[in-house]
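What follows is one structure encoded as structure tokens, with my remarks underneath.
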Amino acid sequence: LWTLQHVTELEQASDTLSAAQTTAYTAMTLERLGHRQAALDALAHLRELFTHTEIPDDRCLREAEEVLNKQKSNPQPKWIR
């Protein structure tokens, strides 16, 4: 019975992690495509997910923040975009 009760919790955690990973990927892709504001909006949504839910692995958040911070400090020349 304990296992059945926690299966739902595990599924929800898995869905939340999947949503976080998808949102992180979206933020990084938007940034690389030059859509900075949309990327920042996606990053804000990602941070919100981590604030309001328990996600066991924050690697996708750290990676997205790193990509957006790196692009901010080292923008590509316009001819590369």
Side-chain angles (χ1 to χ4, degrees):
L1 183 60
W2 179 88
T3 303
L4 293 176
Q5 291 172 342
H6 294 311
V7 166
T8 302
E9 291 175 18
L10 292 173
E11 286 177 345
Q12 288 173 344
S14 175
D15 289 344
T16 304
L17 179 58
S18 178
Q21 290 169 334
T22 300
T23 304
Y25 178 78
T26 300
M28 292 184 289
T29 301
L30 287 167
E31 177 65 23
R32 289 183 178 137
L33 290 172
H35 301 285
R36 180 97 179 131
Q37 189 56 52
L40 291 173
D41 292 345
L43 183 61
H45 178 67
L46 181 61
R47 287 181 179 140
E48 188 99 3
L49 281 174
F50 276 91
T51 301
H52 296 295
T53 58
E54 285 189 35
I55 301 175
D57 184 4
D58 70 343
R59 187 176 12 188
C60 62
L61 173 61
R62 288 182 283 127
E63 186 176 343
E65 289 177 329
E66 181 180 318
V67 167
L68 269 70
N69 287 333
K70 184 177 181 180
Q71 291 292 329
K72 182 180 178 183
S73 64
N74 189 16
Q76 295 178 344
K78 293 206 182 274
W79 58 270
I80 292 179
R81 294 182 189 172

Nearest 0.5 Å please: distance from the [atom1] atom of [X] over to the [atom2] atom of [Y].
| X | Y | atom1 | atom2 | result |
| --- | --- | --- | --- | --- |
| Arg32 | Leu68 | CZ | CG | 9.0 Å |
| Met28 | Glu66 | CE | CD | 9.5 Å |
| Leu61 | Arg59 | CG | CZ | 12.5 Å |
| Gln21 | Thr16 | CD | OG1 | 11.0 Å |

*asked:* Tell me every residue that passes side chain to side chain contact (heavy atoms under 4.5 Å, CB included) with Ala38, counting only those two or more places apart in sequence or in another chain.
replied: Leu30, His35
*Closest non-hydrogen atom pair between Ala24 and Cys60, with its separation*: CB-O, 3.5 Å
*Which atoms form the tightest heavy-atom contact between Glu31 and Ala39, and what is the distance?*
N-CB, 3.6 Å
*Only one of Thr29, Thr23, Thr22 forms a side chain to side chain contact (heavy atoms under 4.5 Å, CB included) with Tyr25, so which one is it?*
Thr29
Which atom pairs, donor and acceptor, lie under 3.5 Å between side-chain atoms of residues 43-51 and protein residues at least two apart or in another chain?
from, atom 1, to, atom 2, distance (Å)
Arg47, NE, Glu65, OE2, 2.9
Arg47, NH2, Glu65, OE2, 3.1
Glu48, OE2, His52, NE2, 3.1
Thr51, OG1, Arg47, O, 2.8

_List the residues meeting salt bridge (charged side-chain N to carboxylate O under 4.0 Å, His left out) with Asp41, not counting sequence neighbours, and say none if there are none._
none
